[in-house]
Each structure stands twice: as C-alpha cells, then as structure tokens.
2 protein chains.
Amino acid sequence: MVTMKQIAERTGVSVSTVSLVMNHRDEGRVKPAIAAHVRAVADELGYRVNPMASSLRTNRTHILGFISEEVATTPYAGGMILGAQSAASQYGYMLITVSTDGGMDEDEEIEALQRYGADGFLYAKMSNRVTEVPRRLNDCPLVLVDATDPDGLVPSVEPDEYRIAYDATRRLLDAGCGRIAYVGCSEGGMIAQQGRLAGYRAAIEDAGRKFNERLVVNVLNNGPALEAVSDLFDWERPDGFFCFNDARAWYVYECAARRGLTVGRDLSVVGVDNHRVFAETLSPQLTTVELPHFEMGYWAAAKLISLIEDRSLDESEWPSTTAPMPPLDAGIPAKIHCRLIEKESVVR
Amino acid sequence: MVTMKQIAERTGVSVSTVSLVMNHRDEGRVKPAIAAHVRAVADELGYRVNPMASSLRTNRTHILGFISEEVATTPYAGGMILGAQSAASQYGYMLITVSTDGGMDEDEEIEALQRYGADGFLYAKMSNRVTEVPRRLNDCPLVLVDATDPDGLVPSVEPDEYRIAYDATRRLLDAGCGRIAYVGCSEGGMIAQQGRLAGYRAAIEDAGRKFNERLVVNVLNNGPALEAVSDLFDWERPDGFFCFNDARAWYVYECAARRGLTVGRDLSVVGVDNHRVFAETLSPQLTTVELPHFEMGYWAAAKLISLIEDRSLDESEWPSTTAPMPPLDAGIPAKIHCRLIEKESVVR
DNA sequence: CTGAAAGCGCTAACAT
DNA sequence: ATGTTAGCGCTTTCAG
C-alpha cells in the first residue's frame with residue numbers, strides 16, 4: 001500500500017502538501033508545478049487514499065448502508081442494489097448491503113453498520129408499503145426506496161404506480177383489446193394497488209369507454225385467486241389483462257392454457273414483473289412491465305449522498321419516464337415511470 | 001461515540017489496560033478486579049470498538065467481501081448472502097456485498113473493497129461453473145461459492161449434484177413412477193449436469209431398472225426445448241420427471257397442461273428451483289429441490305474466516321445432508337446435500 | 001505557498 | 001500488573 005508519506009518523500013514536499021493536492025484543495029494554496037508533480041508521482045505509484053485512515057479524522061467513511069429485508073427473496077432487489085451501487089461509486093462512495101431476514105437481527109446489523117461509520121442509509125422494500133423506520137436510523141441521513149413512512153417525514157423514491165397502470169392499460173387499448181380486465185391485489189397496505197386501479201380506470205375512461213367494475217378482480221396470491229380469475233374468464237370473457245404482478249399473471253396464463261387459448265394471440269396480457277417469473281419463463285408469451293428498480297436505487301443513493309454532503313441535487317434531470325414501453329407481446333421488459341417523492345428530510 | 005479514553009478516565013486506569021480488557025487479552029496481565037470494573041463501565045457507557053481505528057494498527061478490518069455478478073438476476077443469491085452474513089456476524093465480521101453486473105466494473109469494485117481493507121473474499125456464482133478468478137484476488141484469502149476454478153487451487157463450497165439427483169430420482173421411484181425422465185441441461189460448462197445425470201442414472205439402476213437413454217433430453221432454455229419436451233411426452237409417455245431447473249420444469253408443466261394432465265396426479269415432477277419460479281408460483285403443484293444456498297454461504301464464510309485467522313475449522317460438523325426431502329408434491333422446498341470441496345488453499 | 005505539529009481511536013512494544 | 005510511548009495514514013490548524 002502506497003501512502004502519502006511515500007509520495008512526500010519522492011517529491012520532496014511535506015505530507016500536508018500531498019494531502020492538499022490529493023483532496024483537490026490545492027487551488028491557490030500549492031504552486032501548480034508542485035501540485036502537478038505530486039499528482040504525477042501519485043499516479044505513477046498508484047496511490048489510493050486509505051478511507052479508514054481519513055475517516056478517523058473526518059468522521060466520514062464514504063460508506064452507505066443499504067438495508068433490506070427482502071433481498072433474500074426477491075430477485076429484483078438486485079436491480080436496486082446495482083443502481084444504488086452505481087450512484088455510490090460514481091460519487092466515490094461504497095455501498096454496504098445488509099439483508100435482514102425479518103426483524104430480530106435488523107437492529108444488530110444496523111448497529112454494526114453504524115460502528116463501521118456509515119455516513120447514511122438506504123432503507124428498501126420490494127413493494128411499496130407503509131413502513132415503520134427502525135428507531136436506530138432516526139438521526140441519520142436516510143432515504144427510503146420503494147417504501148413510505150407512516151408520518152411522511154422521510155424522503156423516498158417510489159414508482160409512479162398510476163402512470164405505470166395508465167400506460168399498461170393504454171398499451172392494451174392500443175393493441176385493440178375490447179374488454180380489458182384488471183387483476184389487482186387485495187392485500188392490505190399495498191400502496192401500489194390504489195394507484196394502479198386509478199391508472200387503469202383513467203386509461204379506460206380517457207379512451208371513451210365505460211369503466212366496468214366486473215372486469216376488476218382483486219385477489220391474494222393463493223388458491224381462491226385462481227378461481228376468481230377463472231370466473232372472470234368465463235363470465236366476462238376479457239381479451240386483455242393488466243395484472244398487478246407476475247403471480248397474478250400466472251393465473252391468467254393457466255386459465256388460458258386450460259381453455260386452449262394462447263396468450264399473445266387470443267388474448268393480451270400486460271403485468272408487472274415482481275419476481276422474474278416473466279423474465280425467466282414466460283417472457284416469450286407475455287408483455288411485462290418491469291419496475292425501474294435500478295433507477296430507484298440509483299436516485300435514492302444520489303439523493304442520500306446529497307443529503308450527507310449537504311449539496312442540492314438537480315432533480316430536474318430525474319427520469320419521470322425512463323423508457324417507452326415496447327410493442328405488445330414483444331417480451332422485452334419495459335422500464336417506466338420512476339417518481340421521486342420528496343419529503344421534509346431529517347438531516348444528519 | 002464512547003472511546004477507550006473515556007473508559008480509562010472513568011475507571012482511573014490507562015487506555016492500554018482498557019484495550020487489553022476489551023480484547024480479552026487480560027488473562028494474567030490485568031488484575032481481575034480491575035478488569036471487571038473496566039468491563040462494567042464499558043457496558044454501562046455502551047462502549048463499542050471503533051473498527052476503523054483498530055484496523056489502522058492491526059491491518060484487520062473484520063470485513064469480508066462477497067462478490068457475485070448474479071445477485072442482480074437470481075433470487076437465491078439472497079440465501080447465500082444471508083448465510084454468509086450469518087456466519088460473518090457470528091464470528092464478529094461484517095459482510096460487504098458487491099454485485100458486479102458483468103465484467104468491466106468488477107475489477108474496480110474489488111479494488112474498492114481492498115481499499116476498504118477487506119480481510120478476505122467470497123466469490124460466488126449462482127450455478128456451478130468453471131470460473132476464472134479475477135487476478136486481483138490472487139493473493140487474498142479466498143473461497144468460491146457454487147463455483148470451481150480451472151486449476152483446482154481455490155477452496156470452494158459446492159452442492160453435491162450427484163446426491164441431489166440421486167435423491168430426487170429416488171423420490172420419484174418411491175412415489176411409484178414407472179417411467180422417469182430426466183430433463184437436463186445442454187449448456188456448456190455447467191458442472192451440475194454431469195453429476196445430476198450420473199445421480200439420476202444410478203438411482204434408476206440401483207432400483208433394478210434399466211437406464212433408458214430415450215428418457216433423457218438435454219436442452220437449452222429456449223424455444224426448441226419446449227418441442228423436445230413435447231416429443232418426449234408423446235413418444236415416451238413418462239409419468240415422472242426430474243428437471244434440471246425450474247425453467248425446464250416449466251416446459252413439462254406446459255406440456256401437461258396442453259394435454260389436460262395434472263401434475264401431482266397424472267404425473268410427478270421434481271425439479272431444482274433456481275429462479276424461485278417454483279416457490280413463487282408453481283409450488284402447490286410441484287415438488288421442488290431447493291439448493292442449500294444459505295448453507296453454502298454460511299460455510300463458505302466460516303471457511304474464509306478460518307483461513308484469515310489461520311485457525312482450523314471443524315469440518316466434520318458440516319452438513320452433508322441438511323434435511324430430508326419432503327413427501328412428493330407437498331410443495332415444500334427441500335434443502336439437500338451441500339458438500340465441501342476442499343482445495344489447496346492460497347493463503348493470505 | 002509550504003511545513004511542522006497535533007491528534008482521530010486504537011494497539012503493541014517497552015518500561016516500570 | 002499497569003502505564004508510557006510511539007505510531008498506523010490521514011487531515012487540519014497554525015506558523016513561517
């Protein structure tokens with residue numbers, strides 16, 4: 001490991017000068033020629049700061065803690081993490097991901113992160129729910145990802161469920177579907193459900209059609225759900241389906257198979273892909289909406305860093321739409337709509 | 001943050017004494033009464049070591065790097081991470097997970113981990129392949145998880161594919177299946193395929209049956225695969241299927257649905273669940289084999305720590321079988337067979 | 001403009 | 001058995 005001392009020796013200046021140069025605080029304080037020389041030698045020797053050592057003085061580790069209890073079970077958590085990591089490394093931070101498999105160990109893990117001096121935290125869920133924030137995080141810079149806190153005090157990045165549903169439904173309309181059903185979610189606390197239903201309804205009505213309650217079924221992810229979808233099939237004969245998630249799209253798929261119908265020919269399905277079932281298995285047959293996990297992670301981390309560094313962030317560049325949806329049944333996941341929910345933030 | 005200095009002041013001893021006590025190096029060096037007092041005060045004040053500070057002297061951060069390029073795409077990566085994390089925290093280590101989405105950034109991320117002083121690395125894949133280890137990791141303590149290095153020099157933890165297949169097939173035999181097919185993998189470099197096929201064959205033959213080549217199809221995960229399985233269905237009429245993974249089990253499922261057959265009644269399927277398709281969607285219908293990701297992560301981390309600390313590890317307690325398989329079609333994922341592949345290790 | 005010096009929290013020789 | 005001292009690599013006054 002090459003240290004500042006070594007650079008100082010090689011260049012004949014003092015460590016403090018090297019420090020100034022390496023931290024880009026040399027403007028008008030170090031003679032440009034010297035600064036250049038120092039930089040050259042540092043490059044040559046392959047100098048890298050020792051974050052541990054500097055954190056001792058500065059109380060900044062450039063470590064971000066990413067806490068999620070669902071990394072273990074949902075594949076798309078990876079996207080969020082990748083996004084957050086990408087922003088982190090862009091700003092010179094390191095992301096420490098901690099998976100807290102349920103409650104007990106969570107507090108301990110957060111404590112460990114704090115011991116290691118994390119400068120701030122990302123607290124993530126895999127589907128937007130009202131989420132109690134662990135007390136231990138109360139006085140740290142904090143951003144929620146795909147989650148909402150009960151008091152509306154913590155900044156968060158969430159998908160724009162309304163627009164997701166609106167566009168998905170619009171897509172089915174464009175594809176010429178006459179009777180479009182919504183297979184929603186009846187589980188409590190799922191923030192997405194309201195927005196999705198509203199978006200679905202708005203798209204239908206904006207197209208000059210009448211909203212038909214009977215084309216909506218809200219189900220849980222279990223046995224009775226299959227029956228509910230089956231009944232929907234027989235009674236309403238929809239030719240287009242917007243599904244809350246892939247588990248629900250699966251019921252549609254199964255019902256179709258049992259009736260000798262082919263998705264993509266006899267009926268169209270657009271669903272939100274939460275568990276990669278679409279991507280891994282059904283993608284050839286279904287059009288999927290992939291939530292912008294990467295973007296959510298990215299912007300959440302960017303926001304967090306701005307909080308930590310007390311900078312402002314140019315939120316105008318944030319994507320409200322990250323990509324247009326692909327043609328129906330093309331099987332290419334679409335990333336759409338990531339909206340930032342800005343809240344009064346708890347600083348440091 | 002409470003420091004050793006504060007404890008020293010409160011107890012009227014020197015910092016070095018406190019250090020000795022807090023590191024459990026006080027046996028015979030510090031008077032028991034004093035040690036107890038120090039500990040009491042430390043407890044009271046809620047003292048926690050500052051790992052950054054001690055790492056500066058000791059060159060040990062108690063940080064483990066977990067590197068995987070597939071965390072982003074495979075849900076079960078979470079299990080590995082959880083396992084590794086669990087072992088880490090048990091031994092007083094912190095796990096830093098880094099997802100390297102493909103090649104380029106990988107080297108950078110590893111470099112960052114090394115700057116942060118990681119004591120050792122776990123390098124993981126999500127399905128056992130021959131894997132070139134990044135050069136940068138060459139001189140670090142390193143353990144592979146679900147991966148094999150080309151030269152056989154790096155210690156690794158891998159699933160016992162033979163036993164997995166043997167037991168899965170055995171299960172189908174026990175269920176009374178007469179014609180058991182194997183839907184395997186024709187992709188190159190998949191170490192699991194050989195073991196699985198061998199295990200399948202051995203189970204068949206040990207049951208006094210004749211191995212029938214025509215009941216084996218090895219396919220890729222794509223369109224022609226469905227046709228191949230479809231042909232298998234029509235030509236050989238199997239009543240039991242052992243599937244390489246869930247994507248392949250899906251083909252079986254679809255073929256059955258199209259023929260009006262019900263899995264779990266007209267035919268039995270046991271498959272390895274790589275992508276949670278089973279767990280999330282098909283579990284009511286299929287018996288699944290869930291690879292012991294948690295255990296692999298756990299033991300890999302434990303092994304790594306023993307390497308770092310130059311301790312030996314009691315490998316006799318390692319689980320060769322972690323749980324018996326559940327009754328057929330119960331839909332409960334089974335964790336089976338995790339074998340440690342011990343290699344000549346590259347030390348520190 | 002540059003350097004000397006102090007100190008972040010902790011560990012480890014070396015004294016006592 | 002305990003304290004003194006030096007120093008890990010870096011940042012940051014403060015003098016010059």
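To find a chain, count down the sequence lines: A is the first, B the second, and so on, and within it residues start at 1. Computed over heavy atoms, backbone and side chain alike; hydrogens, waters and symmetry mates excluded. Everything numeric here is computed off the predicted structure, so don't read it as measured data.
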Study note, to complete from the structure: Whole-Å distance, B:Asp26 CG to D:dG3 C1', equals 16 Å
Revision key, fill the gap. Here the distance between atom P of C:dG3 and atom CD1 of A:Ile34, to the nearest Å, is 7 Å
**Study point:** Flag if over 12 foreign heavy atoms under 6.0 Å of CZ, B:Arg136
**Key:** yes
Check your understanding: What heavy-atom pair brings B:Asp119 and B:Tyr93 nearest, and what distance separates the two atoms?
Key -> OD2-CE2, 3.8 Å
Point to revise | Rounded distance in Å - NE2 (A:His37) to P (C:dC1) | key: 19 Å
Review point. Over how many whole Å does the gap from B:His62 atom NE2 to C:dC10 atom C1' extend?
Key: 13 Å
Review point. Does a donor on one side chain sit under 3.5 Å from an acceptor on the other, for A:Gln90 and A:Tyr298?
Key: yes
Review point. Does CZ belonging to B:Arg311 count more than 12 external heavy atoms closer than 6.0 Å?
Key: yes
Practice item. Mark up nucleotides 6-16 of chain D, 5' to 3', with B wherever a protein heavy atom is under 4.0 angstrom from a base atom, S wherever such an atom reaches only the sugar-phosphate, and - elsewhere. Key: BBBBBBB----
Check your understanding: Rounded to the nearest Å, what distance is computed from the CD1 atom of residue B:Ile7 to the P atom of nucleotide D:dG3?
Key -> 14 Å
Point to revise | Basic-acidic side-chain contact under 4.0 Å: A:Arg39, A:Asp26 | key: yes
Review point. Base, sugar-phosphate alone, or nothing: which one does B:Gly117 contact when heavy atoms must sit under 4.0 Å apart?
Key: nothing
Exercise for review: Drop me the distance from A:Arg60's CZ to A:Glu309's CD, to the nearest 0.5 angstrom.
Suggested key: 8.0 Å
